[in-house]
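Along the sequence shown, residues are numbered consecutively beginning with 1. One-based numbering, in listed order, for ligands and for the atoms of each.
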Amino acid sequence: MATMEKLKAGAVKLGLELNPEQLEQFDIYYQELLDWNKRINLTAITDYEDVQIKHFLDSLTVTLVWRQSITNTDFRLIDVGTGAGIPGIPLKIAFPDIKLVLLEATAKKATFLHHIDHKLGLDNVEILVGRAEDVAHLSQYRERFDLVLSRAVAPLPTLVELALPFCNIGGSFIAQKKGAIDLEIMRANKAIGLLGGNLREVKRVDLTEFTDERRLVIIDKISPTSLQYPRRSGMPSKRPL
Ligand code: SAH
């Protein structure tokens, strides 16, 4: 089977032409993911085609919303709770010019991130080990990003408190969500307002590659986040706003 064929075909539907070097990078990423997964729990999805669709292509679907600006060389993106690098690393491979910060609470996973960053020869990738609750209070990261992404980290009311403080005014936060989310969004309304956000759109991802319902929840940052947020570690999930 040709290298990353499913991913390549899926990306075309998003209007993205991945070149052979990029497909090779995705292939290396896949091999390393599988290898390290024997020692560290990085992913439950391991099949070659499944990883191409459910991890890699899924990461690239945020380009349905963000396109023009992502190709800008000063574009700053943070992936909160990146785990093995999803969605940050696939986006970095597809858009090498972005400045990417990968934030992950687990040190072991961050070791993998350093390894893959080096192996793929990426530049302008910063790997931070820490919790969003703490890192979002550091001035060099607070309200410094054009785009904040987070996949499979927490329910929306919690996620908004972890993510929106990183977003600059005029920037956006996109949460990648699966399945029924109407109730989750209703419950997040208060938090979105408190954190300085404004719900712009809930966009369905309409690719036949995905059999489950996938949506992008797009929240614009319209006013500064009060310094009391995020609250101390654990609170955003224990007592959602
Ligand atoms: N985004 C990846 C990983 C999802 S698993 C993917 O979609 O595959 C959720 C990850 O978020 C875990 O690796 C966990 O360690 C991290 N995480 C959870 N809460 C966090 C927090 N408050 N700050 C930073 N990372 C967090």
Side-chain angles (χ1 to χ4, degrees), residues 7 26 29-30 32-34 36-37 39-47 50-63 77-94 100-117 125-138 141-142 144-145 147-167 173-179 181 184 188 191 195 205 210 212 214-217 225 229-241:
L7 170 64
F26 276 110
Y29 187 16
Y30 171 72
E32 295 299 320
L33 195 57
L34 243 65
W36 280 62
N37 207 35
R39 303 185 295 276
I40 313 176
N41 185 16
L42 292 172
T43 177
I45 299 166
T46 55
D47 173 77
D50 284 347
V51 170
Q52 291 181 62
I53 302 302
K54 294 178 182 164
H55 281 335
F56 298 167
L57 184 63
D58 190 47
S59 299
L60 301 182
T61 60
V62 300
T63 64
L77 191 162
I78 185 168
D79 181 2
V80 177
T82 188
I86 306 287
I89 290 180
L91 284 163
K92 180 67 185 170
I93 294 173
L100 174 67
V101 173
L102 300 171
L103 174 61
E104 171 50 48
T106 310
K108 271 201 274 182
K109 293 185 183 180
T111 310
F112 172 73
L113 295 171
H114 280 290
H115 168 75
I116 199 68
D117 175 31
V125 176
E126 189 181 347
I127 296 155
L128 291 176
V129 185
R131 295 189 60 86
E133 292 94 322
D134 303 319
V135 177
H137 284 287
L138 304 177
Y141 302 109
R142 191 175 181 87
R144 298 279 185 200
F145 295 89
L147 182 60
V148 182
L149 297 175
S150 191
R151 192 187 83 156
V153 173
L156 207 51
T158 300
L159 205 52
V160 161
E161 186 172 355
L162 299 178
L164 272 179
F166 289 107
C167 213
F173 164 48
I174 302 178
Q176 297 185 252
K177 288 282 173 187
K178 259 198 291 198
I181 49 158
E184 204 180 316
L195 272 289
V205 177
F210 302 111
D212 43 12
R214 297 197 179 208
R215 290 192 179 78
L216 304 171
V217 180
T225 299
Y229 303 119
R231 291 165 295 164
R232 67 182 162 80
S233 194
M235 287 297 278
S237 61
K238 209 178 299 162
R239 282 200 200 92
L241 292 168

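Scored by the salt bridge (charged side-chain N to carboxylate O under 4.0 Å, His left out) test, E104 finds no partners at all (sequence neighbours excluded). Not counting sequence neighbours, the partners of D58 by the salt bridge (charged side-chain N to carboxylate O under 4.0 Å, His left out) test are R151, R214. Residues passing the side-chain hydrogen bond (donor to acceptor under 3.5 Å, both in side chains) test with Q176, sequence neighbours excluded: none.
Remark: side-chain polar atoms of E161 are not paired, donor with acceptor, to backbone N or O of Y229 under 3.5 angstrom.
Relative ring orientation between F112 and H115 is described as tilted, the plane-to-plane angle lying within the 30° to 60° band. F26 and F56 have tilted rings, their planes meeting at an angle from 30° to 60° on a 0 to 90° scale.
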Could you go through ligand 1 and list every pair where one of its N or O atoms sits under 3.5 Å from a protein N or O, giving the atom names and the distance to one decimal?
residue: ligand 1; atom: 1 (N); partner: G81; partner atom: O; Å: 2.8
residue: ligand 1; atom: 1 (N); partner: I86; partner atom: O; Å: 2.8
residue: ligand 1; atom: 1 (N); partner: R151; partner atom: O; Å: 2.8
residue: ligand 1; atom: 7 (O); partner: R151; partner atom: O; Å: 3.3
residue: ligand 1; atom: 7 (O); partner: R151; partner atom: NE; Å: 2.6
residue: ligand 1; atom: 7 (O); partner: R151; partner atom: NH2; Å: 3.2
residue: ligand 1; atom: 8 (O); partner: R151; partner atom: NH2; Å: 3.2
residue: ligand 1; atom: 13 (O); partner: E104; partner atom: OE1; Å: 2.8
residue: ligand 1; atom: 13 (O); partner: E104; partner atom: OE2; Å: 3.0
residue: ligand 1; atom: 13 (O); partner: K109; partner atom: NZ; Å: 2.9
residue: ligand 1; atom: 15 (O); partner: E104; partner atom: OE2; Å: 2.6
residue: ligand 1; atom: 15 (O); partner: T106; partner atom: OG1; Å: 3.2
residue: ligand 1; atom: 22 (N); partner: R131; partner atom: NH2; Å: 3.3
residue: ligand 1; atom: 22 (N); partner: E133; partner atom: OE1; Å: 2.9
residue: ligand 1; atom: 23 (N); partner: A132; partner atom: N; Å: 2.9
residue: ligand 1; atom: 25 (N); partner: A105; partner atom: N; Å: 3.4

